[in-house]
Amino acid sequence: MRALEDRYGRVATDLRVSLTDRCNLRCSYCMPAEGLDWLPGEEVLSDDEVVRLVRVGVEQLGIREVRFTGGEPLVRRGLVDIVRRTKAIDPTLELSLTTNALGLARMADALAEAGLDRVNVSLDTVDAATFHQITRRDRLHDVVAGLEAAQAAGLGPVKVNAVLLRGVNDHQAAELLGWSIERGYELRFIEQMPLDAQHGWSREGMITADEIFARLEAEFLLEPAVEPRGSAPAELFRVNGGPATVGVIASVTRPFCGDCDRVRLTADGQIRNCLFAREESDLRAALRAGAADEELAERWLIAMRGKRAGHGIDDPSFLQPDRPMSAIGG
Ligand code: SAM
Ligand code: SF4
């Protein structure tokens with residue numbers, strides 16, 4: 001087995017698979033109210049193609065963790081089957097899902113039964129009006145029901161991902177943490193990144209990790225949790241002496257590119273070695289032209305060698321990637 005190693009010695013073992021670029025929410029930091037030009041159906045990998053590429057990653061290239069994402073992966077019709085077939089490749093694979101949880105209440109049991117291990121649910125506020133303001137939809141109750149169903153189905157520890165927006169929900173950070181702790185969810189705040197389709201991100205506008213700490217420490221005692229951070233991007237803190245923790249993913253102000261172990265497969269079959277990559281490697285074309293597994297693996301290895309040392313958001317020459325987060329797979 002070969003490893004997906006880049007020129008800096010980093011080895012990718014964690015594969016993020018985007019199953020669709022479509023979504024049923026319209027989070028303001030992700031996409032515009034009218035949505036985006038979705039990928040044409042024929043460009044999206046079929047279920048068989050997704051499973052084949054994941055199998056190449058696992059069997060030939062040392063992938064140990066697979067996370068399904070999007071867009072919204074729950075809107076992908078074949079999701080449960082894709083999960084089942086992925087788990088069958090290797091039952092020791094860690095399988096997780098990043099989702100907005102709309103419809104998860106209905107699907108959690110089937111996903112758990114198919115072999116999904118965990119979910120990360122994106123939820124930025126527990127205030128219904130603020131939820132509508134951020135997502136442009138009135139669906140907070142569905143997310144809450146989805147979280148409950150995920151926990152009941154054993155898809156835990158259930159993690160909640162939140163993005164704070166200045167003047168919108170940043171004053172609700174402590175409320176969201178208290179709410180999550182009460183229900184046994186592990187909350188992680190993610191710094192907003194320049195990956196929105198509208199290119200509306202600004203360094204001054206984003207809420208930094210330091211600001212997040214300040215807002216939380218006004219109500220909670222936070223101490224660094226003992227485990228080393230390793231390749232996990234979240235810095236973890238014990239809340240009020242534990243056992244509850246909160247994580248902060250400071251992708252912008254404290255980048256963790258040096259420890260990155262990720263690689264991404266887009267819904268249309270492109271390998272991206274970084275969220276912020278400006279190049280992609282087209283596995284779909286090779287696959288549809290009849291490439292053998294070995295050739296697909298070789299192309300994937302080459303794609304990894306082009307991975308840059310860091311995202312360079314702070315460089316004057318930084319350019320936002322052409323595709324937004326929803327199309328890359330967050
Ligand atoms: N629709 C699913 C969801 O929301 O969980 C999966 C895809 S979404 C693109 C994955 C994650 O990316 C979500 O947690 C979302 O909050 C986050 N995200 C989207 N745009 C972002 C941005 N500009 N900066 C930071 N995180 C972002
Ligand atoms: Fe959809 Fe997720 Fe983007 Fe929100 S963050 S619009 S739920 S893809």
Side-chain angles (χ1 to χ4, degrees), residues 10-16 64-67 69 92-99 101 116-126 143-144 146-148 150-165 169-193 206-262 275 310-311 313 330:
R10 296 169 297 188
V11 175
T13 54
D14 178 346
L15 173 62
R16 310 275 155 137
R64 296 303 315 145
E65 263 186 81
V66 178
R67 172 175 295 275
T69 178
T92 67
L93 264 188
E94 276 261 336
L95 290 193
S96 57
L97 183 73
T98 297
T99 174
L116 189 72
D117 295 303
R118 287 179 293 106
V119 292
N120 281 41
V121 170
S122 304
L123 177 63
D124 306 320
T125 175
V126 286
V143 182
V144 172
L147 277 162
E148 287 169 1
Q151 200 169 47
L155 293 171
V158 173
K159 293 185 182 162
V160 172
N161 295 345
V163 176
L164 293 181
L165 304 175
N169 65 339
D170 57 325
H171 60 291
Q172 299 170 351
E175 180 190 15
L176 185 58
L177 178 55
W179 186 93
S180 302
I181 290 174
E182 267 173 34
R183 289 159 180 79
Y185 309 143
E186 292 183 12
L187 178 63
R188 276 143 174 63
F189 290 98
I190 307 174
E191 281 181 344
Q192 188 189 358
M193 294 179 276
M206 65 169 276
I207 300 283
T208 64
D210 286 347
E211 291 177 278
I212 297 170
F213 291 128
R215 281 159 179 66
L216 297 178
E217 282 181 324
E219 296 198 28
F220 297 97
L221 175 69
L222 300 185
E223 305 157 294
V226 276
E227 315 101 70
R229 177 168 135 181
S231 61
E235 294 176 62
L236 274 191
F237 298 85
R238 252 193 313 277
V239 183
N240 290 346
T245 58
V246 63
V248 178
I249 304 182
S251 324
V252 178
T253 60
R254 289 198 272 279
F256 36 86
C257 303
D259 292 318
C260 181
D261 62 356
R262 295 177 183 183
L275 259 181
H311 58 46
I313 291 175

### Task
Apply the test side chain to side chain contact (heavy atoms under 4.5 Å, CB included) to residues Glu235 and Arg254: give CA-CA distance (whole Å), side-chain angles for both, the deciding distance (0.1 Å), then the verdict.
CA-CA 10 Å; Glu235 294 176 62; Arg254 289 198 272 279; 3.0 Å; yes
### Message
Does Gln172 form a side chain to side chain contact (heavy atoms under 4.5 Å, CB included) with Val126? I'd like the steps, not just the answer.
### Response
CA-CA 8 Å; Gln172 299 170 351; Val126 286; over 6 Å; no
### Audit row: Asp170, Glu211, side chain to side chain contact (heavy atoms under 4.5 Å, CB included) steps and yes/no
CA-CA 9 Å; Asp170 57 325; Glu211 291 177 278; 6.0 Å; no
### Task
Assess whether side chain to side chain contact (heavy atoms under 4.5 Å, CB included) is satisfied between Val239 and Leu177, documenting all intermediate values.
CA-CA 9 Å; Val239 183; Leu177 178 55; 4.3 Å; yes
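Atom CG in Leu216 sits 8.0 Å away from atom CG in Leu187 (nearest 0.5 Å). Distance check, rounded to the nearest 0.5 Å: CD1 of Ile207 to CZ of Phe189 gives 11.0 Å. The CD atom of Glu191 sits 8.5 Å away from the CD1 atom of Ile313 when rounded to the nearest 0.5 Å. A distance of 10.5 Å separates OG1 of Thr245 from CG of Leu222, quoted to the nearest 0.5 Å. Put simply, CG on Asn120 and OG1 on Thr98 are 4.5 Å apart, with the number rounded to the nearest 0.5 Å. Between the CD atom of Glu65 and the CG atom of Leu93 there is a distance of 9.0 Å, given to the nearest 0.5 Å.
Between Ala162 and Leu123, the shortest heavy-atom contact is CB-O, 3.3 Å. When all heavy atoms are compared, the tightest approach of Ile190 to Ser251 is CG2-OG, 4.4 Å. Of all the heavy atoms in Cys260 and Arg10, the pair that sits closest is O-CB, 3.7 Å. Heavy atoms only, all atoms of each residue included: Cys257 and His311 are closest at SG-N, 3.5 Å. In terms of heavy atoms, Val143 sits closest to Ser122 at CG1-O, 4.3 Å.
Remark: side-chain polar atoms of Asn169 are not paired, donor with acceptor, to backbone N or O of Thr125 under 3.5 angstrom. Using modelled atom types, no side-chain atom of Asn161 and backbone atom of Arg188 make a donor-acceptor pair closer than 3.5 Å. No donor-acceptor pair under 3.5 Å is formed between the side chain of Arg262 and the backbone N or O of Leu275. In this structure, the side chain of Asp117 engages the main chain of Leu95 through a donor-acceptor pair within 3.5 Å. Gln151 contributes a side-chain N or O that, together with a main-chain N or O of Arg183, makes up a donor-acceptor pair within less than 3.5 Å.
Ionic pairing of Glu94 and Arg118 is present here: one or more N-O contacts between side-chain nitrogen and carboxylate oxygen are shorter than 4.0 angstrom.
In this structure, the side chains of Thr253 and Met206 come closer than 4.5 Å at one or more pairs of heavy atoms. A heavy-atom distance below 4.5 Å is found between the side chains of Arg64 and Thr92.
Aromatic ring centres of Phe237 and Phe220 lie farther apart than the 6.0 Å criterion allows.
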